[in-house]
Amino acid sequence: MDRYLVFGHPVRHSKSPFIHTLFARQTQQELEYGLAEPAVDEFAQTLRAFFAQGGKGCNVTVPFKEQAFTLVDRLSPRAKRAGAVNTIKLTDDGVLLGDNTDGAGLVADLKSHGVTLADSRILLLGAGGAARGTLAPLLAELPSELVIANRTHTKAQQLAAEFCDLGPVTAQTYEQLAGPFDLVINSTSASLQGALPPLAPALIHTDIAIYDMMYGASDTAFISWAKQHGARQTMDGLGMLVEQAAEAFTVWRGIRPGTKQVLRELKRNLGVI
């Protein structure tokens, strides 16, 4: 039986085993998928031990994505651009391949909701690892402009400068932001604390699409706030979670699972529906 894990700290809340078990059942792949929560300073040795004992692949989540980037033998182009690894595969020739499926997962989920990215004006809130992993895939969809806003403006400027060769990406302070935007993506973790990024309510309009990478059994603070100010299309990060998992499953197994039924089952599991 092929073995897979998700590494994180903490990781007991992870829905990855639930998702990948459904993917395996759907595609008739024989595998088992579990959790690994090593101490922060023991990730490298735990990862190496897993593969030495016959592991085939793993997912990597907070706080190990940047560390995983330095531990693999080879990086995919999208992992190299993201500067982080969330998926590792042991190849047939014994090489540990590091990949990053977060951005592909976000784009796939946005498209599944009918959001048009080409020629759109996108506002990305936050300049951390979550934002970095999505920039290249978003810019590949050819938006008219992608604006990064972050509380620490210098971080947004650095990120924009790093990715400006891929498309029209700029950095603005929250005070500089002027609409209209077609899509706002919140990549900050503010919703985990029930907090909000300092976005002016005037930027929200009825035709805007709002996306929060966080998710829960009810609306995140950011989605609730956007709805109160007139946004009609709002999405949380649950679909991105499933889509990036499907991308990782494809990297490992060479077969792409369907996501719609798995997303419905996950929502049912979380009590969303």
Report yes if some heavy atom in the side chain of [X] is under 4.5 Å from a heavy atom in the side chain of [Y]; otherwise report no.
{"X": "L125", "Y": "Y174", "result": "yes"}
{"X": "R81", "Y": "R78", "result": "no"}
{"X": "Q157", "Y": "I148", "result": "no"}
{"X": "L135", "Y": "L166", "result": "no"}

Check whether the side chains of [X] and [Y] place a donor and an acceptor atom closer than 3.5 Å, and report yes or no.
{"X": "D212", "Y": "T220", "answer": "yes"}
{"X": "Q158", "Y": "E162", "answer": "no"}
{"X": "R48", "Y": "Q45", "answer": "no"}
{"X": "D99", "Y": "S76", "answer": "yes"}

Got a donor-acceptor contact below 3.5 angstrom from the [X] side chain to the [Y] backbone?
{"X": "K65", "Y": "G129", "result": "no"}
{"X": "E243", "Y": "D109", "result": "no"}
{"X": "Q233", "Y": "H113", "result": "yes"}
{"X": "N86", "Y": "T101", "result": "yes"}

Partner set under side chain to side chain contact (heavy atoms under 4.5 Å, CB included) for S218, not counting sequence neighbours: none

F43: partners by side chain to side chain contact (heavy atoms under 4.5 Å, CB included), with sequence neighbours left out: F7, P38, L47, V60, F64, Q67, A68, L71

Same apolar cluster: L90 and F249, side chain cutoff 4.5 Å: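 Each belongs to a different hydrophobic cluster.
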
I255-L22 co-clustered via ILVMFWY side chain contacts under 4.5 Å: yes

Summary of ring-ring contact (aromatic ring centres under 6.0 Å, His included) pairs that have at least one residue in residues 250-269, sequence neighbours excluded: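 Pairs touching residues 250-269 that pass the test: Y4-W252, H20-W252.
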
Just verifying a value: how many Å separate [X] [atom1] and [Y] [atom2], rounded to the nearest 0.5 Å?
{"X": "Q172", "Y": "N150", "atom1": "CD", "atom2": "CG", "answer": "13.0 Å"}
{"X": "I210", "Y": "I223", "atom1": "CD1", "atom2": "CD1", "answer": "8.5 Å"}
{"X": "I185", "Y": "L123", "atom1": "CD1", "atom2": "CG", "answer": "8.5 Å"}

